[in-house]
Amino acid sequence: MSGEVHVIDHPLVQHKLTIMRKKETSTASFRRLLGEVSLLLGYEVTRNLPLVMEEIETPLAQMQAPLLEGKKVLIVSILRAGTGILDGILQLMPSARVGHLGLYRDPKTLKPVEYYCKLPEDISERSVLVVDPMLATGHSAAAAIERLKERKPKDLKFLCLLAAPEGIKYFHDHHPDVPIYTAAVDDYLNEKGYIVPGLGDAGDRIFGTK
Ligand code: URA
């Protein structure tokens, strides 16, 4: 069974992504660009958020005007690289709620191991957006979604910067109901679990740890 994949091919997103991919791009530029791209991706991901009409008063007249319906969106960042996307999305939705899920990839098995989980108590009425720049094997993303489904959110979306076809397949084999939003789908995953051509290790490039 396969699910929805939305490739956000806006020219500004594609231009910024190309600069991020370049190996000579500095940590400062990479981080700034990821913030900018995330804001643009966030704009697309939130396109269908439901609205409700409310009576307001402008300086000139009363009117019925649209406002976002329901509880604030919950953004769940998969540590550590998810932080890079989170910052951009929060510029767009400053009052969103934020959860963190710490999952690292065991370097031998490439399987996710959870080491941290902090979410708002009740997420049953919230739309949840899970963010992680790289959908590589798809194992961490699928594990994160599984964890969140236990808490029965209103709906779930997954947002990344780059996806590998293998990661998309694994993710949608496990969660065909969760749409993926990405700036690009790259060629393949190499034997070390890196997306090719990709941009390298997103966490290292955001935080300058290599
Ligand atoms: N995680 C990364 O940071 N980069 C990849 O290419 C794959 C997983």
Side-chain angles (χ1 to χ4, degrees), residues 3 5-9 13-14 16-42 45 75-89 100-117 129-148 157-175 178 180-210:
V5 180
H6 301 268
V7 178
I8 297 161
D9 59 359
V13 170
Q14 296 304 316
K16 289 172 196 289
L17 173 59
T18 298
I19 300 171
M20 293 176 75
R21 288 182 188 272
K22 291 185 181 182
K23 62 181 180 190
E24 65 271 23
T25 297
S26 69
T27 298
S29 300
F30 189 94
R31 197 182 289 153
R32 178 181 49 77
L33 286 161
L34 181 56
E36 292 170 8
V37 171
S38 303
L39 201 144
L40 295 164
L41 297 176
V45 174
I75 305 162
V76 176
S77 164
I78 302 184
L79 298 174
R80 68 180 165 145
T83 315
I85 295 195
L86 175 65
D87 293 347
I89 305 273
H100 289 95
L101 258 183
L103 295 164
Y104 71 85
R105 214 167 32 152
D106 184 295
K108 289 210 179 81
T109 63
L110 302 183
K111 292 264 187 298
V113 182
E114 184 179 310
Y115 64 91
Y116 186 76
C117 177
L129 177 63
V130 181
V131 300
D132 193 358
M134 310 298 270
L135 183 62
T137 61
H139 292 177
S140 301
I145 298 290
E146 207 168 305
R147 193 82 166 83
L148 289 160
K157 290 183 178 136
F158 182 80
L159 172 64
C160 59
L161 182 65
L162 283 186
E166 296 88 339
I168 293 174
K169 178 171 183 329
Y170 184 90
F171 185 92
H172 274 153
D173 281 350
H174 291 78
H175 303 292
V178 180
I180 297 170
Y181 292 77
T182 184
V185 179
D186 272 9
D187 296 344
Y188 66 96
L189 208 59
N190 74 10
E191 65 294 344
K192 290 190 175 146
Y194 280 93
I195 297 176
V196 183
L199 48 73
D201 186 297
D204 283 341
R205 297 208 62 186
I206 296 165
F207 299 111
T209 40
K210 214 169 236 169

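Order of listing sets the numbers, starting from 1, for every ligand and every atom in it. Values below: all heavy atoms of this structure, side chains included; hydrogens, waters and symmetry mates excluded.
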Checklist entry - In terms of residue, atom name and distance, what is the protein heavy atom nearest to atom 6 (O) of ligand 1? => result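 Going by distance alone, atom 6 (O) of ligand 1 is nearest to Ile195 N, 2.8 Å.
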Checklist entry - Among all protein non-hydrogen atoms, which one is nearest to atom 4 (N) of ligand 1, and what is the separation to 0.1 Å? => result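 Checked against all protein heavy atoms, atom 4 (N) of ligand 1 sits closest to Gly200 O, 2.8 Å.
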Next on the checklist: For Arg205, is there an ion pair with Asp201 - N to carboxylate O distance below 4.0 angstrom?
Outcome noted: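 Not counted as a salt bridge, because no side-chain N and carboxylate O are separated by less than 4.0 Å.
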Item to check | Pairing of Asp87 and Arg32 as salt bridge, 4.0 angstrom limit | outcome: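 Judged by the 4.0 Å cut-off on N to carboxylate O distance, Asp87 and Arg32 do not form a salt bridge.
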Next on the checklist: Over 60° means perpendicular and under 30° means parallel, so tell me whether Tyr104 and Tyr115 are parallel, tilted or perpendicular.
Outcome noted: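 Tilted: the ring planes of Tyr104 and Tyr115 meet at 30° to 60°.
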Next on the checklist: Under 4.0 Å from a heavy atom of Ala136: which atoms of ligand 1 are those, numbered in the order shown and with their elements?
Outcome noted: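 In order of number, 7 (C), 8 (C).
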Checklist entry - With a cut-off of 4.0 Å, which atoms of ligand 1 are near a heavy atom of Asp201? => result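 Ligand 1 atoms under the 4.0 Å threshold to Asp201: 2 (C), 3 (O), 4 (N).
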Item to check | Ala202 and ligand 1 - part of the residue with a heavy-atom distance under 4.0 Å | outcome: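 Both the backbone and the side chain of Ala202 come within reach of ligand 1.
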Item to check | CG-CG distance between Leu33 and Leu17, expressed to the nearest 0.5 angstrom | outcome: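 Reported to 0.5 Å precision, the distance equals 9.5 Å.
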Item to check | From CD1 (Ile78) to CG (Leu103), nearest 0.5 Å | outcome: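 One gets 6.0 Å once the value is rounded to the nearest 0.5 Å.
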Checklist entry - Out of curiosity, is Gly193 lining ligand 1, as in a heavy atom under 4.0 Å away? => result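 For ligand 1, residue contact (heavy atoms, under 4.0 Å) with Gly193 is present.
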